[in-house]
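Keep in mind it's a predicted model, so treat the numbers as computed, not measured.
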Amino acid sequence: MKYICLLILLLPLIASAQLTDKQMKEMHDNTAKIDSMTAKLNESINATMHATDSINMVRFSEQNARNLDAFMAQRKEQEKKAMQRMYWRIGFGVLMLVVLIIGWSRKKK
C-alpha cells in the first residue's frame, strides 16, 4: 500500500518533467542559434587577431629597421673615430722618426 501511494505521488512529477515535441524543437533551435553565434564570434575574433597581428608585425619591422639604421650610424661613427685616432698615431710616429733622424744626424756632426 505504501509503495502504491508513493508511486501515485511520484507519477505526476515524472510525467510533467518530460518535454513535449514543441519544447524539444525550441531547445534544439536555441542550441543551433547559440552554436551559430559562437561560430560567428570565433570568426570575428580570429579576423580581429589577424588584423592586430598584421599591425604589430608592421610596427615590429619599422622598429627593427630604425634600430638597425641607428646601429649602423653609430658603427660608422665609431669607425671614423678609430681611423682618426690611427692617423694621429701614425703622424706622431712619423714626427718622432723625423726627430730621431735629426738627432742622429746632429750627433754625427
Side-chain angles (χ1 to χ4, degrees):
M1 188 71 167
K2 291 180 185 178
Y3 293 115
I4 294 174
C5 285
L6 184 63
L7 185 63
I8 290 172
L9 289 174
L10 290 177
L11 189 60
L13 292 174
I14 295 171
S16 66
Q18 294 183 1
L19 298 175
T20 63
D21 289 338
K22 184 178 178 183
Q23 289 174 333
M24 288 292 285
K25 187 175 186 311
E26 285 178 5
M27 193 167 77
H28 185 296
D29 290 344
N30 287 341
T31 304
K33 285 180 186 177
I34 290 172
D35 288 343
S36 68
M37 287 176 64
T38 303
K40 287 180 184 178
L41 183 62
N42 284 339
E43 185 178 317
S44 161
I45 289 171
N46 287 339
T48 304
M49 287 176 62
H50 180 68
T52 304
D53 288 345
S54 297
I55 291 170
N56 287 341
M57 186 59 75
V58 168
R59 286 182 184 167
F60 177 75
S61 296
E62 289 173 354
Q63 181 181 7
N64 201 13
R66 281 194 309 268
N67 288 344
L68 186 60
D69 290 342
F71 174 75
M72 291 303 291
Q74 184 180 15
R75 185 71 184 141
K76 283 182 182 180
E77 186 178 329
Q78 287 175 351
E79 288 177 1
K80 183 180 174 183
K81 286 181 181 179
M83 289 293 284
Q84 190 176 17
R85 285 193 304 264
M86 181 187 70
Y87 289 140
W88 277 104
R89 288 180 186 141
I90 289 173
F92 184 73
V94 169
L95 181 66
M96 289 294 119
L97 184 63
V98 168
V99 169
L100 180 68
I101 291 173
I102 291 173
W104 279 347
S105 67
R106 286 188 172 186
K107 191 175 187 181
K108 287 181 182 179
K109 290 183 182 179

Run D29 and K33 through salt bridge (charged side-chain N to carboxylate O under 4.0 Å, His left out) and show every step you take.
CA-CA 6 Å; D29 290 344; K33 285 180 186 177; over 6 Å; no
Supply the atom-to-atom distance [X] [atom1] to [Y] [atom2], rounded to the nearest 0.5 angstrom.
X    : Y   : atom1 : atom2 : answer
K80  : E77 : NZ    : CD    : 8.0 Å
D69  : R66 : CG    : CZ    : 9.5 Å
N42  : M49 : CG    : CE    : 10.5 Å
L100 : L95 : CG    : CG    : 11.5 Å
I45  : T52 : CD1   : OG1   : 11.5 Å

Hey, are the side chains of R59 and I55 touching, using non-hydrogen atoms and a 4.5 Å cut-off?
yes
Hey, does N56 have a side-chain heavy atom less than 4.5 Å from the side chain of F60?
no
Flag yes if I90 and M83 sit in one hydrophobic cluster, no otherwise; membership is Ile, Leu, Val, Met, Phe, Trp, Tyr, and two members link when side-chain heavy atoms are under 4.5 Å apart.
yes
Hydrophobic cluster membership, F92 vs Y87, 4.5 Å side-chain cutoff
no
For the pair S44 (side chain) and K40 (backbone), establish whether a donor and an acceptor sit closer than 3.5 Å, ignoring hydrogens and angles.
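No, because the side chain of S44 does not come within donor-acceptor range (under 3.5 Å) of the backbone of K40.
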Around [X], counting heavy atoms of other residues, nucleotides and ligands shown, do more than 12 lie under 6.0 Å from its [atom1]?
X   : atom1 : value
Q78 : CD    : yes
M57 : CE    : no
E79 : CD    : yes

Working note: Q63 + N67, criterion side-chain contact (heavy atoms from CB on, under 4.5 Å); need CA distance, chi angles, decisive distance, verdict.
CA-CA 6 Å; Q63 181 181 7; N67 288 344; 3.9 Å; yes
